[in-house]
Amino acid sequence: MSWRSAKLDKMKETATEVTQLQELLDAAYERSTEHLRNIITGPRRLDAGELVQVLTGMCTLNLATVTARGEPRISAVDGHFLHARLVFTTSASAAKARHLKKRPAASISYVDGERIGVFSHGNVEFLTADHPDFAEIEAHLTNHYGSSPSSWGDDIVYCRLQPSWMVGYAFDKSAVLETPAR
């Protein structure tokens with residue numbers, strides 16, 4: 001099996017989802033400040049295909065929510081990039097879940113030192129067992145963890161960020177992107 005076909009086997013994104021992700025990335029970059037564009041320059045900007053390649057497996061995400069008094073809160077969650085969306089689970093009794101139920105706007109970042117940075121804003125949706133995407137997400141997570149997150153407690157919730165803004169950065173793309181063996 002070639003590198004490309006092995007990598008594509010891990011990716012869940014369809015060609016349409018990658019195209020839509022690229023449109024989101026381009027629009028977000030165009031709306032970004034000059035300061036951000038001076039940091040995330042062309043050679044450091046990750047495109048949709050590259051993001052799909054680097055965001056495989058579990059990524060520790062920084063999730064920012066807002067309290068009822070408008071105070072920011074940040075916490076970490078195990079995140080997975082599936083179908084060009086960040087998904088995570090948590091306990092319904094966690095502060096972050098309570099915040100998101102009342103105020104679904106959130107910011108999420110994934111940062112690996114200077115190697116990779118992915119920053120996104122949007123609204124979090126809660127996925128219940130009757131949601132059409134739930135079974136696939138639960139199967140992916142069960143495969144990754146060896147047990148279903150639903151079995152970890154009585155009140156586990158599945159969440160997915162529907163992004164309205166996202167950018168991706170790699171200080172040195174060659175250090176984070178796999179290249180085919182010659």
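All values below come from the heavy atoms of this structure, side chains included, with hydrogens, waters and symmetry mates left out.
Using modelled atom types, one side-chain atom of Y29 and one backbone atom of I40 make a donor-acceptor pair closer than 3.5 Å. A donor-acceptor pair is defined here as one N or O able to donate and one able to accept, closer than 3.5 Å; such a pair exists between the side chain of S32 and the backbone of A28. No donor-acceptor pair under 3.5 Å is formed between the side chain of T41 and the backbone N or O of N38. Panel note: side chain T67, backbone E71; a donor-acceptor pair is recorded below 3.5 Å. Using modelled atom types, no side-chain atom of N62 and backbone atom of I108 make a donor-acceptor pair closer than 3.5 Å. Remark: the backbone N or O of S93 is paired with a side-chain donor or acceptor of D155 at under 3.5 angstrom. Formation of a donor-acceptor pair under 3.5 Å by the E138 side chain with backbone atoms of A135 is not found in this model. N143 places no side-chain N or O within 3.5 Å of a backbone atom of A139 that could act as its donor or acceptor partner. Looking only at distances, a side-chain donor or acceptor of S164 sits under 3.5 Å from a matching main-chain atom of H121. Within the 3.5 Å criterion, the main-chain N or O of R115 finds no donor-acceptor partner in the side chain of D112.
Counting only residues at least two apart or on different chains, no ring pair (Phe, Tyr, Trp, His ring centres under 6.0 Å) pair has a member in residues 87-120. A ring pair (Phe, Tyr, Trp, His ring centres under 6.0 Å) check over residues 50-84, counting only residues at least two apart or in different chains, returns the pairs H80-H140, H80-H144, H80-Y145.
Checked for salt-bridge contact, D26 and R45 meet the test: a charged N lies under 4.0 Å from a carboxylate O. A salt bridge does not link R44 to D172: none of the charged nitrogens lies less than 4.0 Å from a carboxylate oxygen.
In this structure, the side chains of L25 and L51 come closer than 4.5 Å at one or more pairs of heavy atoms. Side-chain contact check for V52 versus V18: some heavy-atom pair is nearer than 4.5 Å. Proximity of R85 to P163: side-chain heavy atoms (C-beta onward) are separated by under 4.5 Å at one or more points. Taking 4.5 Å as the limit, every side-chain heavy atom of K173 sits out of range of all side-chain heavy atoms of P43. Residues T90 and V157 have side chains in contact (heavy-atom distance under 4.5 Å, counting atoms from C-beta outward). L141 places a side-chain heavy atom less than 4.5 Å from the side chain of P149. Considering only heavy atoms from C-beta on, L63 comes within 4.5 Å of L100 through its side chain.
Between S91 and A97, the closest heavy-atom pair is O-CB, 3.4 Å. Minimum interatomic distance between V124 and C159 (heavy atoms only, all atoms of both residues): CG1-CB, 3.6 Å.
Taking the centre of each ring, Y158 and F126 stay at or above the 6.0 Å mark.
Going from atom CE of M166 over to atom CG of L24 covers 6.0 Å, rounded to the nearest 0.5 Å. In this structure, OG1 in T16 is found 12.5 Å from CG in L21, a value given to the nearest 0.5 Å. Distance check: L86 CG to C59 SG gives 8.0 Å after rounding to the nearest 0.5 Å. How far NZ of K101 is from NZ of K96: 15.0 Å, rounded to the nearest 0.5 Å. Note that CG of D130 is 10.0 Å distant from CG of L127, once rounded to the nearest 0.5 Å. The line from CG of L46 to CG of L177 is 6.5 Å long, rounded to the nearest 0.5 Å.
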Side chain to side chain contact (heavy atoms under 4.5 Å, CB included) between R160 and D133, worked out | CA-CA 10 Å; R160 177 170 59 188; D133 299 334; 2.8 Å; yes
What's the verdict on side chain to side chain contact (heavy atoms under 4.5 Å, CB included) for V118 and L55, showing C-alpha distance, side-chain angles and the deciding distance?
-> CA-CA 9 Å; V118 179; L55 293 179; 4.2 Å; yes
Evaluation steps, side chain to side chain contact (heavy atoms under 4.5 Å, CB included), between W165 and S120 = CA-CA 5 Å; W165 187 92; S120 188; 5.6 Å; no
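When hydrophobic clusters are built by joining Ile, Leu, Val, Met, Phe, Trp and Tyr residues whose side-chain heavy atoms come closer than 4.5 Å, directly or via intermediates, Y169 is not grouped with V176. L61 and I137 are members of different hydrophobic clusters when ILVMFWY side chains are connected at heavy-atom separations under 4.5 Å. Clustering ILVMFWY residues whenever any of their side-chain heavy atoms sit less than 4.5 angstrom apart, transitively, puts V77 in a cluster other than the one holding I74.
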